[in-house]
Amino acid sequence: MTFPTPVVATAGSSDPSAPLVVLLHGRGSHEREILSLASQLPTGPAYAAVRAPIAEGGGYAWFANRGIGRPVAESLVATTAWFRAWLDETAPAGRPVVLVGFSGGAAFAGALLLTDPSRFAGAAILYGTLPFDAGIPTDPARLTGTPVFVAQGEGDTVIPRDLLDRTWEYLLGPSGAPAHARRDPGGHGITATTLDELGGWIRERLALLDRRGPQSSPARRPGGG
């Protein structure tokens, strides 16, 4: 399976060693739409919004699915490999990477994070589900030491409630991740309060990385991709 060369929109720092925040849009959207969040997030890092590789509905998707929030395993394997080829060239080992995914992009961010947790300095799973039952490891303590920001809408009617609940319970429990979690009374959309808290979470991540200084190549965990 072949995909086009990644189309990437950028904002923020142009320093190739600056921490990189990767913005992953939802199904049927595109990179320019989610890049608009960068103007409301902390200054300092580089922001890169990547266009998903599968054309769908006037926009793009990260994977073929068998129902909303339920990726086809073979498709997810192929698209994550495509993405990692871009990422590993753009951000070699030692450059911190934080993932921010919305809706379908949240599921894709979850796949990347769970496949290779040590590769990332953190991930935000916004108004979406983790890719359960798609061959992605979700064993206990998988995300120990890897910070996660999770936000959901209590009135979300786009992502099936059972998947939202399963995601919430896993990230705040067995995953082992230090999690910042919030639920909005609204539906399937990023609220101003969530965006403000996300900005604070990213700022804390950057401050921690700055205190740690230059990173060495992260150790691989079993099952890392």
Side-chain angles (χ1 to χ4, degrees), residues 2-16 18-65 68-69 71 75-76 78-91 95-113 120-129 131 149 151-153 156 158-159 184 186-203 205-206:
T2 59
F3 298 110
T5 300
V7 175
V8 184
T10 61
S13 176
S14 59
D15 181 349
L20 178 66
V21 178
V22 180
L23 304 171
L24 304 169
H25 63 77
R27 180 175 292 270
S29 183
H30 54 82
E31 73 286 355
R32 288 287 175 186
E33 186 171 10
I34 197 164
L35 185 67
S36 65
L37 297 182
S39 64
Q40 302 173 70
L41 294 174
T43 58
Y47 291 91
V50 183
R51 179 185 296 176
I54 301 172
E56 181 174 303
Y60 301 88
W62 293 105
F63 46 79
N65 67 7
I68 294 174
S75 177
L76 192 57
T79 56
T80 53
W82 168 86
F83 179 89
R84 278 297 301 263
W86 168 80
L87 181 67
D88 292 345
E89 180 177 351
T90 302
R95 184 181 187 186
V97 177
V98 175
L99 301 171
V100 176
F102 171 74
S103 192
F108 192 69
L112 293 164
L113 180 68
F120 302 100
I125 308 299
L126 307 179
Y127 306 89
T129 176
F149 182 102
Q152 297 184 354
D156 195 332
V158 174
I159 307 298
D184 297 311
H188 191 69
I190 301 173
T191 66
T193 302
T194 290
L195 191 57
D196 184 62
E197 289 193 16
L198 174 63
W201 179 81
I202 291 173
R203 196 173 291 109
R205 295 274 74 239
L206 298 176

- What heavy-atom pair brings Thr90 and Arg95 nearest, and what distance separates the two atoms? O-NH1, 3.2 Å

- For residues Leu112 and Arg84, determine if any side-chain heavy atom of one lies less than 4.5 Å from a side-chain heavy atom of the other. yes

- Message: Tell me the closest heavy-atom pair linking Thr129 and Gly69, and the distance in Å.
- Response: CG2-O, 3.6 Å

- Item | Closest non-hydrogen atom pair, Val100 against Ile34 | O-CD1, 4.5 Å

- Message: Which heavy atom of Gly128 sits nearest to which heavy atom of Ile159, and what is that distance?
- Response: CA-CG1, 4.2 Å

- Full working for side-chain contact (heavy atoms from CB on, under 4.5 Å) between Trp62 and Leu76: CA-CA 8 Å; Trp62 293 105; Leu76 192 57; 6.0 Å; no

- Query: Listed by chain and number, what are the salt bridge (Lys or Arg N to Asp or Glu O under 4.0 Å) partners of Asp156, not counting sequence neighbours?
  - Reply: none

- Item | Closest contact, heavy atoms only, Ala11 versus Leu35 | CB-CD1, 4.0 Å

- Item | Phe108 side chain near Leu99 side chain, heavy-atom distance below 4.5 Å | no

- Can you name the closest pair of heavy atoms from Pro53 and Pro4 and give their distance? O-CD, 3.8 Å

- Task: Determine, step by step, whether Val158 and Tyr127 satisfy the side-chain contact (heavy atoms from CB on, under 4.5 Å) criterion, reporting the C-alpha distance in whole Å, the side-chain angles of both residues, the deciding distance to 0.1 Å, and the verdict.
- Result: CA-CA 9 Å; Val158 174; Tyr127 306 89; over 6 Å; no

Residues 19-28 side chain polar contacts: donor-acceptor under 3.5 Å, at least two apart:
from, atom 1, to, atom 2, distance (Å)
His25, NE2, Ala52, N, 3.0
Arg27, NH1, Glu56, OE1, 2.8
Arg27, NH1, Glu56, OE2, 2.9
Arg27, NH1, Phe63, O, 3.4
Arg27, NH2, Phe63, O, 2.6

- Item | Val50 side chain near Tyr60 side chain, heavy-atom distance below 4.5 Å | no

- Is any side-chain heavy atom of Trp82 less than 4.5 Å from a side-chain heavy atom of Pro6? yes

- Quick one: OG1 on Thr194 to CH2 on Trp201, what's the gap to the nearest 0.5 Å? 13.5 Å

- Query: From Phe3 CZ over to Arg51 CZ, what is the distance, rounded to the nearest 0.5 angstrom?
  - Reply: 15.0 Å

- Item | Candidate pair Trp86 and Val8, rule side-chain contact (heavy atoms from CB on, under 4.5 Å), full reasoning | CA-CA 10 Å; Trp86 168 80; Val8 184; 3.6 Å; yes

- Supply the atom-to-atom distance Glu31 CD to Glu33 CD, rounded to the nearest 0.5 angstrom. 10.0 Å

- From CG (Leu195) to CG (Leu41), nearest 0.5 Å: 5.5 Å

